[in-house]
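Only one structure is covered here, and it is reproduced in the block below.
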Protein chains: 2
Amino acid sequence: MIGQRYTKTRKNIFKALSNSKKPITAQEIFNSLKNNDEKINLASIYRNLDLMEKSDLISVILFGEGKKRFELKEENSHHHHFFCENCGDIEDIKMNEDKILANIKKTKFLIKEHKLEFFGLCPDCQ
Amino acid sequence: MIGQRYTKTRKNIFKALSNSKKPITAQEIFNSLKNNDEKINLASIYRNLDLMEKSDLISVILFGEGKKRFELKEENSHHHHFFCENCGDIEDIKMNEDKILANIKKTKFLIKEHKLEFFGLCPDCQ
DNA sequence: AGTATTATTGCAAATAATTCGCAATAAATC
DNA sequence: GATTTATTGCGAATTATTTGCAATAATACT
């Protein structure tokens with residue numbers, strides 16, 4: 001579990017993350033819960049997202065929009081993303097990473113994580 | 001050229017970027033120029049970095065620190081980064097990307113760019 | 001179940017990065 | 001050198017995120 005107490009706020013943040021097919025921002029989680037008439041505070045969302053990241057329950061995704069996006073880490077769900085520079089559409093990209101990882105493992109760094117993001121135009125925007 | 005005028009401010013930002021061996025933040029560019037007694041304004045740095053990015057002269061690097069880092073794009077200098085989660089050390093990582101790119105080219109997306117960042121511990125922090 | 005303990009929340013205020021409006025300045029052009 | 005207008009500096013505004021603190025609610029204890 002995150003922290004030590006399984007609170008309503010935490011359940012709700014979890015729910016919002018599961019319901020989203022794309023990585024979402026703290027503000028988007030807030031809006032989605034507000035729309036469901038949940039009493040929730042943005043600061044609590046940020047605090048919980050921090051904890052969830054530290055507990056390795058979520059990943060942080062960065063597209064240079066000036067804010068962070070979050071998504072649940074699930075079993076065998078490792079993937080990367082495509083971000084459309086025109087419309088902001090986000091799609092998951094899965095790929096065989098043996099080569100990437102084999103290369104980096106040879107270095108003197110202890111790798112815990114990697115993020116690979118693609119930028120370009122989605123089919124609709126080409 | 002960026003924009004249409006080759007100003008002192010632009011020369012200085014260029015210089016600051018060239019002098020740095022790692023991707024640096026807007027604030028770091030500002031500090032470095034201030035230390036050299038250059039009259040420079042943070043807003044102008046941001047404006048020029050925007051232009052330079054649009055002109056494809058620099059890349060934006062994101063490590064989730066809550067700010068952007070920038071580095072000059074030079075001929076044949078394409079590479080990725082390692083970011084030490086403990087001390088913040090940044091190192092360049094070069095690798096053969098044929099496989100990554102071959103895979104992604106098969107998709108319906110038009111890829112213009114990709115960013116691959118590694119996170120973990122540098123030799124000193126292990 | 002009732003009470004005690006303390007992690008967690010809500011709220012408001014503080015930070016930090018980045019952006020914007022506008023008048024002043026300085027490159028490039030004539 | 002005078003003119004044009006892109007660019008700068010400055011201050012204020014915006015946006016994302018963080019923090020302090022008293023109030024609240026999950027769990028543990030009896």
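Scope of the values below: all heavy atoms of this structure, side chains included, with no hydrogens, waters or symmetry mates. Sequence lines set the chain letters: A, B, ... in the order given, protein chains first and strands last, and positions in each chain run from 1.
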Atom pair distance, as rounded to whole Å: [atom1] in [X] and [atom2] in [N]:
X	N	atom1	atom2	answer
A:Ile40	C:dC11	CD1	P	11 Å
A:Phe30	D:dT17	CZ	C1'	14 Å
A:Leu42	D:dT14	CG	P	18 Å

- Closest nucleotide among C:dT8, C:dA17, C:dC11 to the B:Lys67 side chain: C:dA17

- Query: Would A:His114 and B:His80 count as a close aromatic pair, with their ring centres under 6.0 Å?
  - Reply: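 No, too far apart.
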
- Item | Ring centres under 6.0 angstrom apart (A:Phe118, A:Phe82) | no

- Message: Both B:Ala26 and B:Lys8 contact DNA chain C. Which one's nearest nucleotide lies toward the 5' end?
- Response: B:Ala26

Given [N], is OP1 or OP2 found less than 4.0 Å from the side-chain N or O atoms of [X]?
X	N	value
B:Thr7	D:dT8	yes
A:Asn41	C:dA12	no
A:Arg47	D:dT18	no

- Message: Which label fits B:Phe63 and B:Phe83: parallel for a plane angle under 30°, tilted from 30 to 60°, or perpendicular past 60°?
- Response: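 Because their plane-to-plane angle is under 30°, the rings of B:Phe63 and B:Phe83 count as parallel.
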
- Measure distances between side-chain N and O atoms of A:Arg5 and base N and O atoms of C:dT6, and say whether any donor-acceptor pair falls under 3.5 Å. yes

